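Since the structure comes first, as structure tokens, the remarks are kept for the end.
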There are 2 protein chains.
Amino acid sequence: MADRGRPRSFDKDAALARAMDVFWLKGYEGTSMADLTAAMGIASPSLYAAFGGKEELFRQALDYYAKHEGELIWGAALRAETAYETVETFLMQTARAFTRRSRPSGCLVVLSALHPGEHSETVRKELVEHRAQSVKDLRERLRQGVARGEISPAADLDAIAKYYVTVQQGMSIQARDGATRQQLELIARAALAAWRPLTAPEEIAAAR
Amino acid sequence: MADRGRPRSFDKDAALARAMDVFWLKGYEGTSMADLTAAMGIASPSLYAAFGGKEELFRQALDYYAKHEGELIWGAALRAETAYETVETFLMQTARAFTRRSRPSGCLVVLSALHPGEHSETVRKELVEHRAQSVKDLRERLRQGVARGEISPAADLDAIAKYYVTVQQGMSIQARDGATRQQLELIARAALAAWRPLTAPEEIAAAR
DNA sequence: TTATTTATGTGTCAATCGTTACAGATATAA
DNA sequence: TTATATCTGTAACGATTGACACATAAATAA
């Protein structure tokens with residue numbers, strides 16, 4: 001009971017990828033149906049039939065983004081040996097992913113819906129949840145670092161995780177303002193300079 | 001030749017302050033004329049007569065923001081004794097200013113126009129310029145710190161300034177996501193932990 | 001073939017967007 | 001008072017917004 005009726009004349013996955021690019025560049029509310037249909041090469045009834053509407057399409061574009069773009073950063077980071085290397089890779093891959101010439105700059109999850117508004121409230125909350133998940137994921141990786149003796153048990157893991165995610169979110173703004181990969185890497189290096197004081201607090205206390 | 005004709009029936013400065021609040025909360029494109037006239041308590045012809053239109057009104061709201069809200073952060077920061085205290089005050093005042101209950105969260109300069117768009121391109125570029133000025137101001141303060149012997153001449157002042165501004169910009173996102181003042185202060189403290197390694201690089205090299 | 005199902009393209013819906021014409025109201029200047 | 005200048009409120013402008021009705025096209029199932 002699958003392939004009855006007239007077959008779809010466009011590649012759904014390719015169309016979704018193009019929709020993601022538009023949302024990424026212009027944000028959720030800043031993207032019009034006209035923008036989408038132009039980029040996807042289809043008329044609006046086809047978009048509605050295939051994706052359910054603008055909001056549903058954004059949701060699917062967000063999933064696509066997490067699967068493809070997010071993986072570039074988190075996949076590499078979670079493959080690192082130590083907790084430090086995880087954070088280092090996280091930020092360095094961010095510097096790279098946020099400045100690829102073929103893609104919009106910065107992060108779709110951060111930039112797509114920052115303002116409250118009747119038409120984007122559910123989308124916004126979904127993105128807030130996504131961003132909170134980043135903190136959780138990073139904190140969990142730090143917890144493993146404590147278990148392995150890489151990080152002091154006295155360290156405030158939640159604060160450290162929030163700190164590095166905050167730096168990454170700031171890098172989205174910097175990327176939007178035209179920062180190059182090298183400039184973002186310098187920022188990332190600066191942020192990494194806090195690692196020792198943050199993860200070995202008693203060492204600092206002893207030095208005083 | 002000043003006060004001929006029917007006098008204005010509303011307080012221009014108070015109306016501007018309310019317009020600023022709306023732009024701050026909803027962003028430039030996310031704010032409609034209906035939002036503005038409702039918040040300002042005037043009809044659109046009065047708005048056009050007094051402020052010149054939506055874009056001109058935003059420009060004036062931006063000036064108002066820089067003068068009042070920006071001063072809360074930079075005024076205190078630039079009054080600090082040392083370069084470190086400047087950065088510390090900069091971030092701590094940010095944590096406070098970004099989470100006042102009576103105001104929208106985060107920073108108007110960071111959040112108002114992050115996406116390209118025909119209707120907001122000039123406004124966006126103006127905000128980009130504003131953000132670049134923050135880096136310049138902070139870097140200049142660091143340069144004074146080098147002159148006073150507080151910071152090593154080998155330190156990369158541009159990278160340090162960009163780093164702390166990036167953290168502040170990330171704090172705008174965190175604030176929008178509901179972070180409390182205390183949580184932002186923890187993030188700020190984490191960022192400040194990088195100060196010694198960043199400003200005394202030879203000390204780090206010697207320790208190896 | 002005929003019936004059924006799904007996709008496409010044209011055209012259009014009401015609502016909202018930023019902006020402004022216009023007439024009436026309210027002040028000063030002569 | 002009369003003339004002039006400016007502001008205010010109503011009402012509407014053309015353009016664009018997201019969404020969809022409808023008829024037609026193109027596939028499979030019987």
Side-chain angles (χ1 to χ4, degrees), chain A residues 1-16 18-19 22-23 25-62 112-113 115-124, chain B residues 1-16 18-19 22-23 25-62 112-113 115-124:
Chain A
M1 67 175 204
D3 47 354
R4 298 254 303 215
R6 178 175 174 174
R8 187 176 291 119
S9 65
F10 61 92
D11 182 336
K12 187 174 175 180
D13 223 54
L16 181 56
R18 290 178 187 171
V22 181
F23 281 128
L25 179 66
K26 302 186 147 199
Y28 177 69
E29 295 232 71
T31 298
S32 68
M33 289 295 298
D35 292 331
L36 290 168
T37 54
M40 300 166 83
I42 61 177
S44 53
S46 295
L47 190 157
Y48 275 83
F51 300 101
K54 188 188 177 185
E55 185 171 320
E56 264 304 316
L57 174 60
F58 179 83
R59 229 179 295 276
Q60 293 171 58
L62 178 58
S112 288
H115 304 288
E118 299 176 10
H119 300 296
S120 60
E121 211 42 33
T122 62
V123 160
R124 196 188 121 264
Chain B
M1 67 174 207
D3 48 354
R4 297 253 302 216
R6 179 175 174 175
R8 207 192 321 274
S9 66
F10 60 93
D11 182 336
K12 188 173 174 181
D13 223 53
L16 181 57
R18 289 179 187 172
V22 181
F23 282 129
L25 180 66
K26 301 188 149 198
Y28 177 69
E29 296 232 69
T31 298
S32 69
M33 288 295 298
D35 292 330
L36 291 168
T37 55
M40 301 166 83
I42 61 177
S44 50
S46 296
L47 189 157
Y48 273 81
F51 300 101
K54 188 186 177 187
E55 186 172 320
E56 264 304 315
L57 174 60
F58 179 83
R59 229 180 296 275
Q60 294 169 59
L62 178 58
S112 288
H115 303 289
E118 299 175 10
H119 301 297
S120 60
E121 209 45 30
T122 61
V123 160
R124 196 188 121 264

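In what follows, chains carry the letters A, B, and so on, assigned in the order in which the sequence lines appear, proteins first and then strands, with residues in each chain numbered from 1. The shown structure was predicted, so the numbers you read here are calculated from the model rather than taken from an experiment.
Between A:H119 atom NE2 and D:dT17 atom P there is a gap of 13 Å when expressed in whole angstrom units. Across the protein-nucleic acid pair, A:E118 atom CD and C:dT16 atom C1' stand 12 Å apart, rounded to whole Å. Residue B:K12 contributes atom NZ, which lies 11 Å from atom P of D:dT8 at whole-angstrom precision. Taking atom CE of A:M33 as the reference point, atom P of C:dA14 lies 19 Å away to the nearest angstrom. For B:L36 and C:dT19, the CG to P distance is 10 Å, given to the nearest whole Å. Here D:dC20 presents its C1' atom at 15 Å from CD1 of A:I42, a figure rounded to the nearest Å.
A pairwise comparison of heavy atoms in B:H115 and A:L25 identifies ND1-O, 3.2 Å as the closest pair. For B:F51 against B:M40, the heavy-atom pair with the smallest separation is CE1-CE, 3.5 Å. Considering all non-hydrogen atoms of both residues, A:V22 and A:A39 come closest at CG2-CB, 3.4 Å.
Checked against side chain to side chain donor-acceptor pair (under 3.5 Å), A:S46 has no partners two or more places apart in sequence or in another chain. Evaluation of the salt bridge (charged side-chain N to carboxylate O under 4.0 Å, His left out) rule for B:R59 yields B:E55, B:E56, B:E126 as partners, not counting sequence neighbours. For A:R8, there are no side chain to side chain donor-acceptor pair (under 3.5 Å) partners at least two apart in sequence or on another chain.
Each of B:A43 and B:R8 lies near DNA chain D, and the nucleotide nearest B:R8 is the one positioned closer to the 5' end. Mapping B:F10 and A:Y28 onto DNA chain D via the closest heavy atom, the residue that lands nearer the 5' end is B:F10.
With contacts defined as side-chain heavy-atom distances shorter than 4.5 Å, the pair A:E29/B:E29 does not qualify.
Proximity note for B:S9 (side chain, C-beta onward) versus D:dT8, C:dT10, C:dG18: the nearest is D:dT8. Proximity note for B:S44 (side chain, C-beta onward) versus D:dA11, D:dT17, D:dC7: the nearest is D:dA11.
Within a heavy-atom distance below 4.0 Å of DNA chain C, the residues of residues 46-61 of chain B found are B:Y48, B:K54.
Contact annotation for B:T37: no contact, since no heavy-atom pair falls under 4.0 Å across all strands.
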Seminar exercise, completed: Per-nt protein contacts along nucleotides 21-30 of chain C (heavy atom under 4.0 Å; B base, S backbone sugar-phosphate only, - none) come out as B--BBBBSS-
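Aromatic ring orientation, B:F58 versus B:F23: perpendicular (interplanar angle above 60°, classes split at 30° and 60°).
Pairs of residues two or more places apart, or lying in two chains, never qualify as salt bridge (charged side-chain N to carboxylate O under 4.0 Å, His left out) while including a residue from residues 37-54 of chain A.
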